[in-house]
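Ligands are counted one by one from 1 in listed order, and the atoms in each one are counted from 1 as well. By convention here, the first residue in the shown sequence is residue 1.
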Amino acid sequence: MVEDRIKENNVQMYSQSKACLDEWVTHYQSYSTYGQTANYIPALRTINSSHLGICIIVPDGTMIKSGDCEVSFTLQSISKVISFIAACLSRGIPYVLERVDVEPTGDAFNSIIRLEMHKPGKPFNPMINAGAITIASLLPGESSQNKLEFLDVFIEKMIGKRPTINEEVFRSEWQTAHRNRALAYYLKETGFLESEVEESLEVYLKLCSIEVNTEDIALIGLILAHDGYHPIRKEQVLPKNVAKLAKALMLTCGMYNASGKFAAFVGLPAKSGVSGGIMALVPPSVRKELPFQNGCGIGIYGPAIDEYGNSLTGVKLLKHIAQEWDLSIF
Ligand code: DON
């Protein structure tokens, strides 16, 4: 009886939330003209910049979707959270942290400046390119294929399907990755890169080119919200301490050099990618009177990005949602 009433209340709450989301998505979609698609990657120049979609997944598997939530896009920097977790799983946290730190930089994601300014040139964190390229080099396997296979298996464990790579985006990035190549050569010279430059770059850029939709990243967000426990499959898919570390990095470094503002005004661990994706999460809370207090994963896609490389419409939408539903962790 009590369970039936809870179920009924939830159904009502989710349909009200869906109505709110539809209204907010339509409203914030109109801001897409203030942003631009990531035009430094030729294959991303031509995508429809007016899209905006969201998927929220709660622990019982219920999904609340709105807008252009089914459009697929490439993971880009959201892959940095996944590769960091995978490196910790295979090498252990201490080994990884000897090679990549956990400090925000306040610089652009592709900046090279701190590598030379702070000896011995250890990347500041795994959410910037220098850190993520180093992480790619640490993944297990003697070739880029083996390294990617390890990641594929791990991603399949979380989202229930094998990821595919958008070859057009990969080729486009590979041909224009001059700054990333410079970072990789610098890291090789300083001894932080464990694999060869080209192999590390291939792994890094292929991970950026994995195709997902809002549902996939919302599901990964949900798993992290529950400290690595997959509440739908009812299985611990990554250790709690690794999940906690990944969330701390998302909060402090996940939104590039706008991470401080995002923590202050949205207050949720999140990771963005330049294709316009944002993976965010709400940990379970003790207050139960508002929606989503049992925690949820949030996937957003809005390819019009701002000056930092974050989805302009996506950040506005998330800020609104977090305020309306009091979701900030602070
Ligand atoms: O390294 C690049 O340029 C991209 N493939 C990664 C893009 C991204 O989302 C920004 N990175 N932090």
Side-chain angles (χ1 to χ4, degrees), residues 35-45 47 49 72-84 100 103-115 123-137 144 148 151 163 165-187 193 197-198 200-212 217 220 246 249-259 262 270-280 299-312 314-315:
Q36 277 185 343
T37 58
N39 51 21
Y40 78 97
I41 302 171
L44 296 185
R45 272 182 209 154
I47 54 181
S49 64
S72 54
F73 55 94
T74 50
L75 266 180
Q76 295 299 337
S77 284
I78 298 172
S79 67
K80 290 173 166 118
V81 179
I82 304 167
S83 55
F84 171 73
V100 183
E103 286 301 336
T105 63
D107 300 324
F109 59 82
N110 56 2
S111 177
I112 201 164
I113 193 162
R114 282 176 201 261
L115 284 183
F124 264 54
N125 68 69
M127 303 293 131
I128 52 170
N129 291 11
I133 296 168
T134 305
I135 292 288
S137 82
S144 55
L148 288 160
L151 249 293
I165 288 171
N166 182 321
E167 291 294 339
E168 190 200 343
V169 171
F170 169 67
R171 266 197 310 278
S172 183
E173 293 224 50
W174 182 256
Q175 285 157 3
T176 54
H178 311 303
R179 176 85 70 108
N180 284 329
R181 261 199 183 85
L183 285 168
Y185 275 108
Y186 192 87
L187 290 161
L193 213 64
V197 164
E198 295 298 301
S200 312
L201 271 179
E202 184 183 338
V203 173
Y204 167 70
L205 293 175
K206 284 201 166 149
L207 294 176
C208 288
S209 308
I210 288 175
E211 289 234 316
V212 287
I217 56 174
I220 300 172
L249 280 163
M250 288 166 74
L251 187 79
T252 52
C253 317
M255 301 299 284
Y256 311 132
N257 40 333
S259 299
F262 192 84
K271 182 73 200 90
S272 61
V274 290
S275 56
I278 304 178
M279 174 173 84
I300 289 191
Y301 174 58
I305 58 172
D306 63 18
E307 77 229 68
Y308 302 105
N310 295 319
S311 168
L312 188 141
V315 170

> Please list the nearest protein heavy atom to atom 3 (O) of ligand 1 with its residue and the distance rounded to 0.1 Å.
Tyr40 OH, 2.7 Å
> Side chain or backbone of Val274 under 4.0 Å from ligand 1, or both, or neither, by non-hydrogen atoms?
both
> Could you give the distance from CD (Glu211) to CD (Glu167), rounded to the nearest 0.5 Å?
10.0 Å
> Got the closest protein heavy atom to atom 1 (O) of ligand 1, with its distance?
Tyr204 OH, 2.6 Å
> What atoms of ligand 1 come closer than 4.0 angstrom to any heavy atom of Cys208?
5 (N), 6 (C)
> To the nearest 0.5 Å, what is the distance between CG on Leu207 and CD1 on Ile135?
11.5 Å
> Of the backbone atoms (N, CA, C, O) and the side-chain heavy atoms from C-beta on, which set of Asn180 has a member under 4.0 Å from an atom of ligand 1: side chain, backbone, both, or neither?
side chain
> Looking at ligand 1, would Lys80 count as a contact under a 4.0 Å heavy-atom criterion?
yes
> Say you draw a straight line from CZ of Phe262 to NZ of Lys271; how long is it, rounded to the nearest 0.5 Å?
10.5 Å
> Output the distance between atom OH (Tyr185) and atom CG (Leu193), rounded to the nearest 0.5 Å.
10.5 Å
> Between Ser275 (side chain only) and Gln76 (backbone N and O only), is there a donor and an acceptor less than 3.5 Å apart?
no
> About how many Å separate CD1 of Ile47 and OH of Tyr301, when rounded to the nearest 0.5 Å?
4.0 Å
> Just need the protein heavy atom nearest to atom 5 (N) of ligand 1, so name the residue and atom and give the distance.
Glu173 OE1, 2.6 Å
> How far is atom 10 (C) of ligand 1 from its nearest protein heavy atom, and which residue and atom name does that atom have?
Ser77 OG, 2.7 Å
> How long is the straight-line distance from OG of Ser77 back to CD1 of Ile82, given to the nearest 0.5 Å?
11.0 Å
> Show me which atoms of ligand 1 lie under 4.0 Å from any heavy atom of Gly273.
9 (O)
> When you compare ligand 1 with Lys271, is there at least one nitrogen or oxygen pair between them that comes in under 3.5 angstrom?
no
> Looking only at N/O atoms, are Ser272 and ligand 1 under 3.5 Å apart anywhere?
no
> Identify the two heavy atoms, one from Ala258 and one from Asn310, that lie closest to each other, and give their separation to 0.1 Å.
CB-ND2, 3.7 Å
